[in-house]
Novice: 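Structure below; questions to follow.
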Protein chains: 2
Amino acid sequence: MDQLEIFKALSNKTRLQILHWLKEPERYFPPQEHEDIHQVGVCVGQIQQKAGLNQSTISEYLSILQKAGLLKSTRIGQWTYYKRNEEAFLTLSQFITEEI
Amino acid sequence: MDQLEIFKALSNKTRLQILHWLKEPERYFPPQEHEDIHQVGVCVGQIQQKAGLNQSTISEYLSILQKAGLLKSTRIGQWTYYKRNEEAFLTLSQFITEEI
DNA sequence: AAGATATATCGACTTTTTCCGATATTCCAA
DNA sequence: TTGGAATATCGGAAAAAGTCGATATATCTT
């Protein structure tokens, strides 16, 4: 766990929002056509629409969150689905109370 | 609690180190002349020396950490002492497991 | 009151981050 | 196998953050 990389990933309003939305995907995103939203997460396009930023920006943001370990991705066909890596949040929370 | 401001404050190697040092000040700083290190914290000069960055830089960093709520400061005479605000870390930890 | 010391603030420059448009890649469907 | 759709990557302009030296402010000592 690279804490600095994680905190940098969390230092952006849109990225924080994305993480929040992905905590309850069925609440924040329309029903998903092809895949189970809890199994694989939400595809880039849905997230982009909701965030209202450029496609390339969101793609990069998701990649930043994934590199920091906060998201996991699955490619299915032409779609890439992103979901939270809950373990990372627990680890981070522990780090903050114990190590930092 | 402004989470974004907190994460920005944590997005810097030196600032993370400072927080870490202030968790066990007696371990990381030389014995303090005038004030009880646990009561009021560590003065700017000590922190600056240990960090090895310019005085103005450290002064600003401490101010950033304080504005984010992670540090508290006490001015005594010509010295400003900084110590951790442990409550803020607990709140942040909780936020990460529950809200984010 | 004057000099010394600790800290804060300011202005400048450099590096990093944000965000976009254009283009490339991957995969599906006809 | 060609066209279209979803995503990724690249290059760049603008904004923000990092860092310094110089200077200001506050306080202590004499």
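Naming: A, B, ... by sequence-line order, numbering from 1 per chain.
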Novice: To the nearest Å, how far apart are I58(B) CD1 and dC20(D) C1'?
Specialist: 12 Å

Novice: Checking side-chain polar atoms at under 3.5 Å, does S93(A) have a donor or acceptor matched by the opposite partner on S93(B)?
Specialist: yes

Novice: At a heavy-atom distance below 4.0 Å, what parts of residues 63-79 of chain B sit against DNA chain D?
Specialist: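 By residue number: G77(B), Q78(B).
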
Novice: What is the nucleic acid contact for T80(A), judged by heavy atoms within less than 4.0 Å: base, sugar-phosphate only, or nothing?
Specialist: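 Contact class for T80(A): sugar-phosphate only.
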
Novice: Atom CG of L10(A) and atom P of dT18(C): how far apart are they, to the nearest Å?
Specialist: 12 Å

Novice: How about E26(A) and H38(A): does a side-chain donor come under 3.5 Å of a side-chain acceptor?
Specialist: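 Note: E26(A) and H38(A) side chains meet the donor-acceptor criterion.
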
Novice: Measure from CD on Q48(B) to P on dG18(D) and round the result to the nearest Å.
Specialist: 17 Å

Novice: If you compare every side-chain N and O of N12(B) against the phosphate oxygens of dA17(D) (OP1, OP2), does one of them come in below 4.0 Å?
Specialist: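 The answer is no; no side-chain N or O of N12(B) sits under 4.0 Å from OP1 or OP2.
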
Novice: Measuring from N12(A):CG to S11(B):OG, what's the distance to the nearest 0.5 Å?
Specialist: 10.5 Å

Novice: Give me the ring orientation class for W21(A) and F29(A): parallel if the planes are under 30° apart, tilted from 30 to 60°, perpendicular past 60°.
Specialist: perpendicular

Novice: Tell me the interatomic distance from E60(B), atom CD, to dC20(D), atom P, rounded to whole angstroms.
Specialist: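 Whole-Å distance recorded here is 11 Å.
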
Novice: Pick base, sugar-phosphate or nothing for Y81(A), based on heavy-atom distances below 4.0 Å to the nucleic acid.
Specialist: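 Contact class for Y81(A): none.
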
Novice: L4(A) CG to dG18(D) P: how many Å, rounded?
Specialist: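 Value for this atom pair: 10 Å.
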
Novice: Just to confirm, is there a sub-4.0 Å distance from OP1 or OP2 of dA8(D) to any side-chain nitrogen or oxygen of S56(A)?
Specialist: no

Novice: Assuming nearest nucleotide by heavy-atom distance, tell me which of K8(A) and G52(A) is located more 5' along DNA chain C.
Specialist: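 Comparing both residues, the 5'-ward one is K8(A).
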
Novice: Report the C-alpha separation of R84(A) and L70(A) in whole Å, then their side-chain angles, then the decisive distance to 0.1 Å, and conclude whether the side-chain contact (heavy atoms from CB on, under 4.5 Å) test is met.
Specialist: CA-CA 6 Å; R84(A) 291 164 55 101; L70(A) 299 167; over 6 Å; no

Novice: Side-chain N or O of T57(B) versus OP1/OP2 of dC20(D): is the shortest distance under 4.0 Å?
Specialist: yes

Novice: Begin with the C-alpha distance, continue with both residues' side-chain angles, and end with the deciding distance and a verdict on side-chain contact (heavy atoms from CB on, under 4.5 Å) for L10(A) and L19(A).
Specialist: CA-CA 9 Å; L10(A) 295 173; L19(A) 292 174; 3.4 Å; yes

Novice: OP1 or OP2 of dA8(C) less than 4.0 angstrom from a side-chain nitrogen or oxygen of Y82(B), does that happen here?
Specialist: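 The answer is yes; a side-chain N or O of Y82(B) sits under 4.0 Å from OP1 or OP2.
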
Novice: Grab the N/O contacts between the protein and nucleotides 23-25 of chain C below 3.5 Å, and write none if there aren't any.
Specialist:
none

Novice: Taking the side chain from R75(A) and the backbone from G77(A), do they hold a donor-acceptor pair closer than 3.5 Å?
Specialist: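 At least one qualifying donor-acceptor pair exists.
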
Novice: What's S59(B) touching, base or sugar-phosphate or nothing? Going by heavy atoms closer than 4.0 Å.
Specialist: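 It contacts base atoms.
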
Novice: Can you tell me if the side-chain N/O atoms of N54(A) get under 4.0 Å from OP1 or OP2 in dT18(C)?
Specialist: no

Novice: Rounded to whole angstroms, how far apart are NE2 on H34(A) and P on dC28(C)?
Specialist: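 Computing the H34(A):NE2 to dC28(C):P distance gives 11 Å.
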
Novice: Just to be sure I understand the rule, does T14(B) reach a base, reach only the sugar-phosphate, or reach nothing, if contact means heavy atoms closer than 4.0 Å?
Specialist: nothing

Novice: Expressed in angstrom and rounded to an integer, what is the separation of E35(B) atom CD from dT27(D) atom P?
Specialist: 15 Å

Novice: Between Y61(B) (OH) and dT19(D) (P), how many Å, whole number?
Specialist: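 Going from OH in Y61(B) over to P in dT19(D) covers 3 Å.
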
Novice: Are the side chain of Q46(B) and the backbone N or O of P31(B) linked by a donor-acceptor pair below 3.5 Å?
Specialist: no

Novice: List the steps, then state whether side-chain contact (heavy atoms from CB on, under 4.5 Å) holds for F7(B) with L92(B).
Specialist: CA-CA 10 Å; F7(B) 289 131; L92(B) 179 62; 4.0 Å; yes

Novice: Look only at the side chain of K83(B) and the backbone of S73(B), and say whether a donor-acceptor pair between them is shorter than 3.5 Å.
Specialist: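 No, because the side chain of K83(B) does not come within donor-acceptor range (under 3.5 Å) of the backbone of S73(B).
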
